[in-house]
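Here is how names work: the chains are called A, B, and so on, in the same order as the sequence lines, proteins then strands, and each is numbered from 1.
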2 protein chains.
Amino acid sequence: MADSSLTLAEVVADRIRARLTFGVLTPGQRLSEAALARDLGVSRNTLREAFRLLTKDGLLEHKTNRGVFVATPSMGAIIDIYHIRRIVECQALRMAHGRHPAVARMAEAVAAAQAAQGHQDWRAVGNANMDFHAAIVELADSPKLTAFYGNLAAELRLAFGLLKLPRNLHEPYIGMNADLLATVQDGQYETAARQLDRYLSQSERAVLAALSGQGGGG
Amino acid sequence: MADSSLTLAEVVADRIRARLTFGVLTPGQRLSEAALARDLGVSRNTLREAFRLLTKDGLLEHKTNRGVFVATPSMGAIIDIYHIRRIVECQALRMAHGRHPAVARMAEAVAAAQAAQGHQDWRAVGNANMDFHAAIVELADSPKLTAFYGNLAAELRLAFGLLKLPRNLHEPYIGMNADLLATVQDGQYETAARQLDRYLSQSERAVLAALSGQGGGG
DNA sequence: GCAATCGGTTTTGTTCAACATTTCAGTTGA
DNA sequence: TCAACTGAAATGTTGAACAAAACCGATTGC
């Protein structure tokens, strides 16, 4: 009875979302309505509603008369996402101002990443990195833009789950995030923006290389 | 039976969307499942699926156990949208290059607006203006960003429907669009970006003034 | 008179069973 | 080998039904 103003379809969507980020469901996999409904103990109609919610978040893809599939971020989609990130994040940095609450969040994310590094918990490092960039977007003070970025991040997370990011793909960003944070705290927003642009280009190349290197030829 | 690979729910969503942009359904209005389902000749379940699709586009709002309502773009939402437009459209302009196909679309939109002006068809002028700005976003060559902008535009259209934009709110932009297009065709992208920034600020002020001036105090 | 409470009504949330339609896979036939 | 056909499986859609929540009005109590 843990539902408070949460629709059953939303609860179901959350459970599926958990399976997605946990890696139980892998990109490209087809989700059978009947089987999943039986498994989750809900009706097909409710499950279909949950599907809509997740499709809206870009986690699932719906093909008419074919079924629902776990989204498979294509190479093109990843390039697109990094393209947008450069536009949005860099511009958000330029709009930063002194004591914006998001700066504190950036600092928290950096600290969390460093702590996780100490425990060699690379998944936590990855999450902290995501939080860091989400905080950057929050600098723009735009709820809609933040929500949109959340969708992109979810899709990217999906791609990251596909390739189990090894240590060397996560570790470098800990220091880079710290540097970027310092630049921002120093008030050099334009410099930070250019710094992030290079940062993202490098990150994109690394991810694409890793993807193409392990059979991402979908 | 003009459906080809289009789900009935999608068709229904399109019909509702048409009613929204046409103004039959006004912001804040509640949509009864039973009544609308009967009216549209579909089952409640199908209509609910259509609701999900439209909610995803930001045109409808869903309140648990309360029903579905036509979204009422708040003052804050409009400010947010213009904020994002400045970020996205201006940056897209900076990324423009010589013979990008989107430039041709911008030209088409300008021509369409001028033609509509001749017929004093202000609704068509408004649509052409929307097309013009959508073309600007296409300069960024990002499908996801284009889709996102489409949602914002739909929400803005909703707000515009609320206040029946009079002639003087549409007409000035015809010339401004033409000027902007000329700057772009001249290859002065940075100049165009700054020009658009002022343009959008002015537009935002005009819209907000019109909104607050006719009882938008929701 | 007014506020809080109590029921009945309406509406949404959810399920179920059924059928139409489409896709898919295996078989048949040339 | 390949094309067309056939039947099974999955999705698309419907209608009815019931639970639970919200809404509305009347009653009750102060």
Side-chain angles (χ1 to χ4, degrees), chain A residues 1-20 24-72 218, chain B residues 1-20 24-72 218:
Chain A
M1 321 278 188
D3 64 290
S4 56
S5 77
L6 262 186
T7 279
L8 179 58
E10 293 170 323
V11 175
V12 169
D14 279 341
R15 290 179 61 183
I16 297 177
R17 194 179 285 116
R19 292 190 184 193
L20 283 169
V24 180
L25 301 175
T26 59
Q29 181 177 345
R30 179 171 151 279
L31 301 183
S32 163
E33 287 187 1
L36 238 187
R38 209 182 318 122
D39 186 22
L40 292 171
V42 299
S43 76
R44 266 181 67 207
N45 280 325
T46 299
L47 180 61
R48 284 168 70 87
E49 287 218 9
F51 278 169
R52 302 296 170 186
L53 297 177
L54 293 167
T55 300
K56 155 186 161 186
D57 290 345
L59 294 176
L60 300 182
E61 285 176 3
H62 180 110
K63 302 181 182 179
T64 307
N65 288 323
R66 302 280 301 279
V68 171
F69 301 79
V70 179
T72 63
Chain B
M1 308 294 191
D3 65 291
S4 58
S5 77
L6 262 186
T7 280
L8 179 58
E10 293 170 323
V11 175
V12 170
D14 279 341
R15 291 179 61 183
I16 297 176
R17 194 177 286 115
R19 294 190 183 191
L20 283 169
V24 180
L25 302 175
T26 59
Q29 180 177 346
R30 178 172 150 277
L31 302 183
S32 162
E33 289 187 359
L36 238 188
R38 208 182 320 122
D39 187 20
L40 292 171
V42 299
S43 75
R44 266 183 67 210
N45 281 324
T46 299
L47 180 61
R48 284 169 68 88
E49 287 219 8
F51 278 169
R52 301 296 171 186
L53 297 176
L54 293 168
T55 299
K56 156 186 161 187
D57 290 345
L59 294 177
L60 300 183
E61 285 177 2
H62 179 110
K63 302 182 181 179
T64 307
N65 288 323
R66 302 281 301 278
V68 171
F69 301 78
V70 178
T72 62

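Comparing D:dT11, D:dT13, D:dT14 against the side chain of A:N65 picks out D:dT11 as the nearest. The side chain of B:H62 has C:dG13 as its nearest neighbour among C:dG13, D:dT13, D:dG12.
A:S43 contributes a side-chain N or O that, together with a main-chain N or O of A:T46, makes up a donor-acceptor pair within less than 3.5 Å.
Using a 4.0 Å heavy-atom cutoff across all strands shown, B:V42 reaches sugar-phosphate atoms only and no base atom.
Between B:R52 and A:E49, the closest side-chain pair of non-hydrogen atoms falls below 4.5 Å. Side-chain contact between A:R19 and A:L40: present, with at least one pair of heavy atoms (C-beta onward) separated by less than 4.5 Å. Side-chain contact between A:T26 and A:V70 is absent, with no heavy atoms from C-beta onward closer than 4.5 Å. Inter-residue side-chain proximity for B:D57 and B:R17 is flagged as met; some heavy-atom pair is nearer than 4.5 Å.
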Considering only nitrogen or oxygen atoms on both sides, find all protein atoms under 3.5 Å from nucleotides 8-10 of chain C and state each distance.
none

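Across all their heavy atoms, A:A50 and A:V12 have their closest contact at CB-CG1, 3.7 Å. A:T72 and A:G28 get closest at one heavy-atom pair: CG2-N, 2.8 Å.
Atom-to-atom, CD of B:E61 to P of C:dT12 comes out at 16 Å; the value is rounded to the nearest Å. Rounded to a whole Å, the CZ atom of A:R38 is 11 Å from the P atom of D:dT11. Atoms CD (A:E10) and C1' (C:dT12) sit 13 Å apart, rounded to a whole Å. Straight-line distance from the CG atom of A:L8 to the P atom of D:dA19: 16 Å, rounded to whole Å. Rounded to whole Å, the distance from CG on B:L53 to C1' on D:dG12 is 13 Å. Between A:R30 atom CZ and D:dA9 atom C1' there is a gap of 9 Å when expressed in whole angstrom units.
DNA chain C is contacted by both A:A9 and A:R66; A:A9 maps to the nucleotide lying nearer its 5′ end (nearest heavy atom per residue).
Between B:L8 atom CG and A:T64 atom OG1 the span is 11.5 Å, to the nearest 0.5 Å.
Non-hydrogen atoms lying under 4.0 Å from DNA chain D are contributed by B:R44, B:N45, B:T46, all within residues 44-51 of chain B.
Residue pairs meeting the salt bridge (Lys or Arg N to Asp or Glu O under 4.0 Å) criterion with at least one member in residues 58-68 of chain B, sequence neighbours excluded, do not occur.
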